[in-house]
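First the structure, in the form of structure tokens, and then the observations on it.
For this chain, numbers begin at 1 and follow the sequence in order. Ligands are counted one by one from 1 in listed order, and the atoms in each one are counted from 1 as well.
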Amino acid sequence: MFDTAIIGLGAAGYTAAIYSARYKLTTLLVGEEEGGMGNTAAEVGNWPGDIDVTGPELMERMKKHATSFAEVTLKQTRVTKVERLGGKESKEGKESGFRLTFSDGKTDEAKTIIFATGSNKRHLNVPGEKELAGKGVSYCATCDAFFFKGKTVAVVGGGDSAVEGAAIVAQVAKQVYLIHRRNEYRAEPYWVQKLQEKTNVTFVFERQVKAITGDHGSTGLTTGKVTGITLDKSFEGSDQLAVDGVFIEIGATPAVELAESIGCALDERGHLKVDASLQTTITGAFAAGDVSGGSNHFAQFVTAAGEGAVAVSGVFGFLQK
Ligand code: NAP
């Protein structure tokens, strides 16, 4: 049985593994997607000590650091189920333990668990979106910008992902429409200013995308293409915009399913509810990074890493009791 199992291979998970190893805890680090959401940052810019680093570079370095310890066992696979061992809480509140089942049906057990499961990209849920996903509809502007060299694209959203994403796409695309449902961005002013300096970006405020149009192609194949979007209100004389691609960057919802399945409660914004040690409402189960509400819901590399460290300090204290 491991001292702790960390689910998630993003900034929170890797940092938790580094701290856990240095506390000499036997650690299972498991996740499906190496790097997590951190891989989608083209330019990080706010990781202290690194003026110029990309998300994938930073995540690779974190992985190398986390897996450099003998105490850490890395498993790249999907966790399909988490169960509590011992059932109900003991009177002392000490009884704890968890069984993890993986996609190949194998299992492992740990005395404590840290959910560092991150978040899943939100969808617009409009006609054409599902059918044209991967055929011009993308959920990661920084990953897929390259495919739209010389093309006209729409980016939807008003947060850091959308504004940073639009700035990255504008480096290669002929024309970018940034479509936001309000007239104020919630993105860092740094990115807004960067975008305003581009000459090929059109700012479309107070508009929503009602549908994505195009040739759907054959099911299961990547044939088909986006040809345009329909807006809820007309813009420059028409509610139709001709585009070759649509980047949907409207935020993400915390990946709470596994934690919820063992009874962890959610906070008012749908993140895992945690105390100051980042313990969830289930004894021995901790949370770190975008899935938790631990840093005032501020999802950043530094807050995820910080929470990874705090969660392990909580785990260490818990195991010592
Ligand atoms: P976000 O901050 O939650 O912003 C989501 C944006 O999408 C908001 O502008 C929101 O509009 C809009 N939106 C949400 N649902 C919508 C819908 N159904 N239709 C149309 N628009 C919709 O998400 P994010 O930009 O992905 O950022 C998530 C977190 O990651 C943030 O904490 C952010 O700071 C962080 N992040 C950081 C970096 C970086 O530091 N380099 C890069 C990317 C993300 P309203 O404004 O009207 O609510």
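Taking a cut-off of under 4.0 Å to the non-hydrogen atoms of R122, the atoms of ligand 1 that pass are 14 (C). Remark: ligand 1 atoms within the under-4.0 Å shell around heavy atoms of L124 are 19 (N). Listed by number with element, the atoms of ligand 1 under 4.0 Å from a non-hydrogen atom of N46 are 40 (O). Every atom of ligand 1 with a heavy atom of G158 under 4.0 Å away is listed here by number and element: 6 (C), 7 (O), 8 (C), 9 (O).
Distance from atom 14 (C) of ligand 1 to its nearest protein heavy atom, with residue and atom name: I250 O, 3.4 Å. Given atom 33 (C) of ligand 1, the protein heavy atom at minimum distance is D160 OD2, 3.3 Å. Of all protein heavy atoms, the one lying nearest to atom 26 (O) of ligand 1 is S161 OG, 2.6 Å. Among all non-hydrogen protein atoms, the one lying nearest atom 47 (O) of ligand 1 is R182 NE, 2.7 Å. Of the protein's heavy atoms, R181 NH2, 3.9 Å lies nearest to atom 10 (C) of ligand 1. Of the protein's heavy atoms, R186 CD, 4.1 Å lies nearest to atom 1 (P) of ligand 1. Ranking the protein heavy atoms by distance from atom 23 (O) of ligand 1 puts G251 CA, 3.2 Å first. With respect to atom 41 (N) of ligand 1, the closest heavy atom belonging to the protein is E164 OE1, 3.3 Å.
In terms of polar-atom proximity, defined here as any N/O pair under 3.5 Å, E184 makes no such contact with ligand 1. Checking only distances, A162 never comes within under 3.5 Å of ligand 1, N or O to N or O. Considering backbone and side-chain atoms together, E188 places no N or O closer than 3.5 Å to any N or O of ligand 1.
Taking the six-membered ring for Trp, H123 and Y139 have ring centres closer than 6.0 Å. Under the 6.0 Å cut-off for aromatic ring centres, H65 and Y14 do not qualify, their centroids lying 6.0 Å or more apart. No close placement of the Y19 and F316 rings is indicated, their centers lying 6.0 Å or farther apart.
D239 has no carboxylate O lying under 4.0 Å from a charged side-chain N of K210, or vice versa, which leaves the two without a salt bridge. By the 4.0 Å N-to-carboxylate-O rule, K63 lies close enough to E34 to be salt-bridged with it. Between K24 and E71 there is a salt bridge, since at least one side-chain N of the basic residue sits less than 4.0 Å from a carboxylate O of the acidic one. Checked for salt-bridge contact, R61 and D50 meet the test: a charged N lies under 4.0 Å from a carboxylate O.
The closest side-chain heavy-atom distance from I113 to L100 is below 4.5 Å.
Of all the heavy atoms of Q208, the ones lying under 4.0 Å from any atom of ligand 1 belong exclusively to the side chain. When heavy-atom distances to ligand 1 are checked against a 4.0 Å cut-off, V209 has no atom that comes that close, whether in backbone or side chain. Neither the backbone nor the side chain of H297 has any atom closer than 4.0 Å to an atom of ligand 1 (non-hydrogen atoms only).
Between the side chains of T253 and N120, no donor-acceptor pair is found at a separation under 3.5 Å. For T4 and T112, the side-chain atoms include at least one donor-acceptor pair closer than 3.5 Å. One side chain, T77 or S103, offers a donor N or O that lies under 3.5 Å from an acceptor on the other.
Comparing G159, G165, A299 by heavy-atom distance to atom 35 (C) of ligand 1, the nearest is A299. Looking at K121, Q300, H123, it is Q300 that brings a heavy atom closest to atom 37 (C) of ligand 1.
Residue V155 is not grouped with residue V204 when hydrophobic side chains (ILVMFWY) are merged at heavy-atom distances under 4.5 angstrom, including chains of intermediate members.
In this structure, atom 44 (C) of ligand 1 is in close contact with the protein, since a protein heavy atom lies within 4.0 Å of it.
Other residues, nucleotides and ligands contribute more than 12 heavy atoms inside 6.0 Å of the CD atom of Q320.
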